[in-house]
Amino acid sequence: MGYTTYDFYKEKYYGDSIGESLFPKWEDRASDKLNQLTYGHIDDAAKEEFDEKIQKATCALADLLYQIDFKTSHASDEKGGNVKSMSSGGRSISFGSNETLIDKVLGDKVAQNRLCYDTVCEYLSGTGLLYAGYE
């Protein structure tokens with residue numbers, strides 16, 4: 001039921017976050033999420049008309065879901081930040097935040113869903129697939 005393949009992910013989307021052995025899991029989750037975000041509008045006609053856009057949206061969503069899961073399971077492993085400035089005489093070191101957009105949404109499901117929607121919009125806006133109303 002998935003919308004893309006690992007070959008497309010590597011060769012056309014140029015993805016490099018998800019390994020081949022993990023890809024089926026994340027592609028399946030991304031396809032389910034994409035169905036939710038498109039209100040089930042992806043039918044055979046839509047797949048034919050917007051195939052590459054749907055595949056890229058699925059890849060982007062798979063990457064995002066993978067990164068959220070990875071950050072959630074490794075949140076306690078990361079400490080500190082990037083060195084922003086350093087002095088030698090008085091021994092002063094300033095750290096900058098290495099917080100990413102993913103880090104900002106970790107504890108907030110609403111923000112995660114919004115980020116998923118925004119990610120999909122990059123590829124599917126203008127297709128009509130994100131329209132929530134009736135045709």
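The first residue in the sequence is number 1, and the count goes up from there. What's counted below: heavy atoms across the whole structure, side chains too, no hydrogens, waters or symmetry copies.
Contact between C116 and L65 at its shortest, heavy atoms only, is SG-CD2, 4.0 Å. Closest approach of T119 and A60 over heavy atoms only: CG2-CB, 3.6 Å. The two residues A62 and A30 make their nearest non-hydrogen contact at N-CB, 3.5 Å. Minimum interatomic distance between L130 and S125 (heavy atoms only, all atoms of both residues): CD1-N, 4.2 Å. In terms of heavy atoms, T5 sits closest to F23 at C-CE2, 3.5 Å.
Using a 4.5 Å heavy-atom cutoff, the side chains of L37 and C121 are not in contact.
For the pair H41 (side chain) and Y131 (backbone), a donor-acceptor distance under 3.5 Å is present. Counting only distance, with no hydrogens or angles, the side chain of Q112 and the backbone of L106 share a donor-acceptor pair below 3.5 Å.
For the side-chain contact (heavy atoms from CB on, under 4.5 Å) criterion with L115, the lone passing option out of L61, V120, V105 is V105.
Atoms OG and CH2, on S17 and W26 in that order, are 12.0 Å from each other to the nearest 0.5 Å. Here the OG1-CD distance, from T58 to E27, works out to 6.5 Å after rounding to the nearest 0.5 Å.
In this view, E122 satisfies the side-chain contact (heavy atoms from CB on, under 4.5 Å) rule with no residue, not counting sequence neighbours. D43 is linked by a side-chain contact (heavy atoms from CB on, under 4.5 Å) to A45, A46, counting only residues two or more places apart in sequence or in another chain. The side-chain contact (heavy atoms from CB on, under 4.5 Å) check on K10 picks up Y6, D16, with sequence neighbours excluded. Every residue meeting the salt bridge (charged side-chain N to carboxylate O under 4.0 Å, His left out) condition with R114, not counting sequence neighbours, appears here in chain and number order: D118.
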Check: Checking side-chain contact (heavy atoms from CB on, under 4.5 Å) for the pair Y123/L129: CA distance, chi angles, key distance, verdict?
Finding: CA-CA 10 Å; Y123 298 99; L129 295 173; over 6 Å; no
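In K25, the NZ atom is crowded: over 12 heavy atoms of neighbouring residues, nucleotides or ligands sit closer than 6.0 Å.
Linking ILVMFWY side-chain heavy atoms closer than 4.5 Å, directly or via other members, places L22 and F8 in a single hydrophobic cluster.
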Would you mind writing out the side-chain donor-acceptor pairs for residues 48-57 within the sub-3.5 Å range, not counting sequence neighbours?
unit_1 : atom_1 : unit_2 : atom_2 : d
D51    : OD1    : Q55    : NE2    : 3.2
D51    : OD2    : Q55    : NE2    : 2.9
E52    : OE2    : K56    : NZ     : 3.3
Q55    : OE1    : T4     : OG1    : 2.9

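Under a 4.0 Å N-O distance rule, the pair K47/D44 qualifies as a salt bridge.
Listed by first and then second residue, the side chain to side chain donor-acceptor pair (under 3.5 Å) pairs involving residues 59-69 are Y9-D63 (not counting sequence neighbours).
Defined by atom type and a distance below 3.5 Å, a donor-acceptor pair is missing between the side-chain atoms of Y3 and D28.
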